[in-house]
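Structure record follows, encoded as C-alpha cells.
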2 protein chains.
Amino acid sequence: MSRSNPRVLSTLERAGGFASAQEVYRLMQREGESIGLTTVYRSLQSLVNDKIVDVLRRDDGEAIYRLCGDAHHHHLVCKGCGDTVEIEGGAIEKWALNVAKDHGFREVGHTAEIFGLCSKC
Amino acid sequence: MSRSNPRVLSTLERAGGFASAQEVYRLMQREGESIGLTTVYRSLQSLVNDKIVDVLRRDDGEAIYRLCGDAHHHHLVCKGCGDTVEIEGGAIEKWALNVAKDHGFREVGHTAEIFGLCSKC
DNA sequence: TCACAAATGAAAATGATTTTCATTTCCATA
DNA sequence: TATGGAAATGAAAATCATTTTCATTTGTGA
Ligand SMILES: [Zn+2]
Ligand SMILES: [Zn+2]
Ligand SMILES: [Zn+2]
Ligand SMILES: [Zn+2]
C-alpha cells in the first residue's frame, strides 16, 4: 500500500462536499498541478483505508469521496427546477442508528434525500 | 422504451434475493435460455422504471436487482456480505414530509438507505 | 556514493454498462 | 392473406470508471 499524496487530500478539501476520483483529478489539472490519475485513485483508496474520507456511490455507480469531518447533512431537491436546500438530518440520524443497532449492525452509515416540487414550480 | 422480457423477471424471481444483470444473464444461459445480454439490461431497467424491482449497488459498484414488494420500505444493507433487511420507514416518513412542508415543497418523495457491517461480518 | 524500497504515472487491461444498427418478430389494417 | 410500420432483439463496438503492469523516478539510510 502506498501512502496518500497530500495534494489529493488538499484538493478534496477544497472541492467541498463529495467529489469523484475523476473530478479530483480534473480539478488538479485545471489548477496546473502535475499528478497522474493512478496516484489520485491510490491516494483516495489510502485515505479511505485510514478512515480519513468516506466513500459512497452515485446513482450511476461512480465512487464519490468526502472528508469524514465535513458536516453531515442531507438534501431537499426540487424535481422541477433543481433547486437544492441543505437540511439537517435531525430525526433520521437516530432512526438510522437505532434500526442498525436493532439488527446488530456496526460501522453504520446512511443516505437520505427528499425530493418534490418547490413553491415556484 | 422497450418492455421487459418476461423471462428476465421470471429468472430474477428464481434467483431469490439480489442478482446483477450479468448474473441473471449467466443463469439464463446455464438454463439453456436464448437471450442477449442487451435485452437483460433493458428488461431490468424497464422493471426498475415500473417499480417492479429495486436496484442497489454492490460495494464494487455493480448494480444489483431484486423483486420488491409494493409496500414502501427501506433497506439495511451489509457492506460485507450484501445481506439485506427490509425495514419500515417509521420516523423517516414523517421527517421527510415535515422537512418538505417547512420549505413549501409538494409532491414529496424520498430515498433512504442504511448500510453497515452485519454481526456475521 | 550506493543500494534498495517506496512512489509515480503512462499505457494497457478489465469489466460493467450503453449505444449502434441491422435483423427479426408483432400487429393492425387493407 | 398480404403488407407496412412499430417494437423487440442481440451481436458487436463504444464508453467509461477503475485496476493492473511495469519501467522510471525519488527519497533515504548506510
Ligand atoms: Zn422548483
Ligand atoms: Zn444523516
Ligand atoms: Zn454481512
Ligand atoms: Zn420511506
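By convention in this document, chain letters (A, B, ...) are assigned in the order of the sequence lines, proteins followed by strands, and residues within each chain are numbered from 1. Just so it is clear, the model here is predicted, and its values are computed rather than measured.
- Side-chain contact between B:Val40 and B:Thr11 is absent, with no heavy-atom pair separated by less than 4.5 Å.
- Separating the CG atom of A:Asp59 from the C1' atom of C:dA16 is a distance of 16 Å, rounded to the nearest angstrom.
- Applying the salt bridge (charged side-chain N to carboxylate O under 4.0 Å, His left out) rule to pairs touching residues 17-34 of chain B yields B:Arg7-B:Glu33, B:Arg14-B:Glu31, B:Glu23-B:Arg58, sequence neighbours excluded.
- Nucleotide C:dT17 holds its C1' atom 15 Å from the CD atom of B:Glu23, rounded to whole Å.
- Of the candidates B:His110, B:Glu88, B:Glu86, B:His110 is the only one forming a side-chain hydrogen bond (donor to acceptor under 3.5 Å, both in side chains) with B:His74.
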Sugar-phosphate or base contact per nucleotide [nucleotides 9-25 of chain D; S, B, -; heavy atom under 4.0 Å]: BBBB----SBBB-----

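- Within the 3.5 Å criterion, the main-chain N or O of A:Gly89 finds a donor-acceptor partner in the side chain of B:Trp95.
- B:Ile52 and B:Leu56 sit in two unconnected hydrophobic clusters of ILVMFWY residues. Membership requires side-chain heavy atoms under 4.5 Å apart, directly or through other members.
- For the pair A:Arg57 and A:Ile64, the minimum side-chain heavy-atom distance is 4.5 Å or more.
- In A:Asp60, the CG atom is crowded: over 12 heavy atoms of neighbouring residues, nucleotides or ligands sit closer than 6.0 Å.
- In this structure, B:Arg66 CZ and B:Ser20 OG are separated by 14.5 Å, a value rounded to the nearest 0.5 Å.
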Summary of protein contacts for nucleotides 23-28 of chain C, nucleotide by nucleotide, where a base hit scores B, a sugar-phosphate-only hit scores S (4.0 Å, heavy atoms): ------

